[in-house]
2 protein chains.
Amino acid sequence: MLRNDIPVYVQVRDQLWQWIQEQQLDSQARLPAERELASRFNTTRVTVRQALGQLEAEGIIFRSNRRGWYITPQRLIYDPSLDIGFYNTVTEQGFTPSTETLSKRLIEAPSWLADISGMAEGAPIYHILRRRSVDLRCVVVEHNYINPRGCPGLLDQDTDLSIWLLLREQYDLVPGKRNIEIFPQALTGVEAEALGVNSGSAGLYMQRLTLDKSGAFLEYDREYWIHDALKVAVQVNNN
Amino acid sequence: MLRNDIPVYVQVRDQLWQWIQEQQLDSQARLPAERELASRFNTTRVTVRQALGQLEAEGIIFRSNRRGWYITPQRLIYDPSLDIGFYNTVTEQGFTPSTETLSKRLIEAPSWLADISGMAEGAPIYHILRRRSVDLRCVVVEHNYINPRGCPGLLDQDTDLSIWLLLREQYDLVPGKRNIEIFPQALTGVEAEALGVNSGSAGLYMQRLTLDKSGAFLEYDREYWIHDALKVAVQVNNN
DNA sequence: GCTATTTACTGGTATATACCAATATAAATA
DNA sequence: TATTTATATTGGTATATACCAGTAAATAGC
């Protein structure tokens, strides 16, 4: 069975992948324990973990802290150029969203935020920190920084749903230009902890700077996504 | 020095990161050998490699096959919504680009490409496969699928530079609507091999479907990026 | 001075083993 | 029945060791 010219962990990876397909395991189904797999493939746990790590990198499986390995759900398709909102995006694709507001308060703009937003350093800005899940799996931690001008009392509202919906329906604020940045980045520190993953896990960072129709600063947000949870889809029309 | 409540590999990771900053190592500078680091931190190579793997995930360092670990260069800032092209993007940011055309030929559109492009299955389509580097480091492998209508003889041109430049200047083709998809994905198979990285390395997948002004299929491309090589920046204006 | 060969070194893979920390389950207790 | 406690199981971390494969440097030969 074992070939000499192909590393064992690659063979385990591929056989495991084939086995997953044959079993037609459901999303979030649990894999056998590492020790069980090690004996089944007649190798050690170290090598099995190397194979599991590869399947994790490919987005086939994910780990839940000391509970086991599970089949990764389908990626959420997400368009950061629109203001549809997380809740609608998730439900429209047949998943169940949930949001926890971890903190919301009025802060004084630090220098980095002043630079980005064009506001004065120390100016009042709403800061909202939320953790959002798809089918009970935490997928993103999100920092929202919102210009309070035009939306007084925002923090008294329920922020477990869409902020964009609030801004549009309650305050009549609509976005104009957006500046989006996206790149892969490991999850560390508070973000990793909030998402319940190991520090150093693969992630996707996405930030958005949104101005209103008149070009004034409206909102800036930083999102830390689990690497296998989403597919970014943007429609662009360059004239 | 060693604390009991923090994992050794985390301490090694953080001390190594601190050391890198203190040394003010240049981009692409080489780190000491793993065995050297292991003895310096008084631990084993396995643990050192765990720490190195974390710094790699964070984009601090990268590995070159059996040659060693190096400091990661700054990310390339890249706007896939424009047709500035790789060459100009890289040079404008002070780096040195290079491109190798690995293959270019006329193929018959397979069903998946027909579905995406709206062309008939089996219809002729140009396929160009290129590998592109920044400062001699391979960063992306790119598949271009181009509608030959409007650009006959494209394959006879030099494709080591910008294809968009060719399309615009030689054939007067300009892009209209774009549909972009981006998500983290491990590099495997031919892409990993072409980039000279291990199968299963972290990467970023990006695809673009571009239509011309009249809405006809112009180009579709699939790009496989090294995870630490770029930052995607998109400007959007939603009206 | 150049080329080909050898040698040393590097990261890559693999085994065996051990203990820890968090979780889930089973058993005991109220 | 509900709650608490003990136990088993799971993944997480760590050491020690060995050999392999590709790269780079040193050496020998011309």
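By convention in this document, chain letters (A, B, ...) are assigned in the order of the sequence lines, proteins followed by strands, and residues within each chain are numbered from 1. What you see below is based on every heavy atom in this structure, not just the backbone, and it leaves out hydrogens, waters and symmetry mates.
Note on ring orientation: taking the six-membered ring where Trp is involved, the planes of A:Y205 and A:F183 are tilted (angle from 30° to 60°).
For B:D135 (side chain) and B:T96 (main-chain N/O), a donor-acceptor pair under 3.5 Å exists by modelled atom type.
Nearest heavy-atom pair, B:K104 versus B:Q157, reported as atom, atom and distance to 0.1 Å: NZ-O, 2.8 Å.
The interatomic distance linking A:R30 (CZ) with D:dT9 (C1') rounds to 9 Å, in whole Å. As rounded to whole Å, 9 Å separates atom P of D:dT10 from atom CD of A:E36. We find that CG of A:L37 is positioned 14 Å from C1' of D:dT9, with the value rounded to whole Å.
Screening B:Q207, B:H143, B:R130, B:R208 against B:E223 for a side chain to side chain donor-acceptor pair (under 3.5 Å) leaves a single residue, B:R208.
More than 12 heavy atoms of other shown residues, nucleotides or ligands fall within 6.0 angstrom of atom CD in A:E36.
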| query | Which letter, B, S or -, goes with each nucleotide of nucleotides 12-18 of chain D from 5' to 3', with contact meaning a protein heavy atom under 4.0 Å? | reply | BBSBBBB

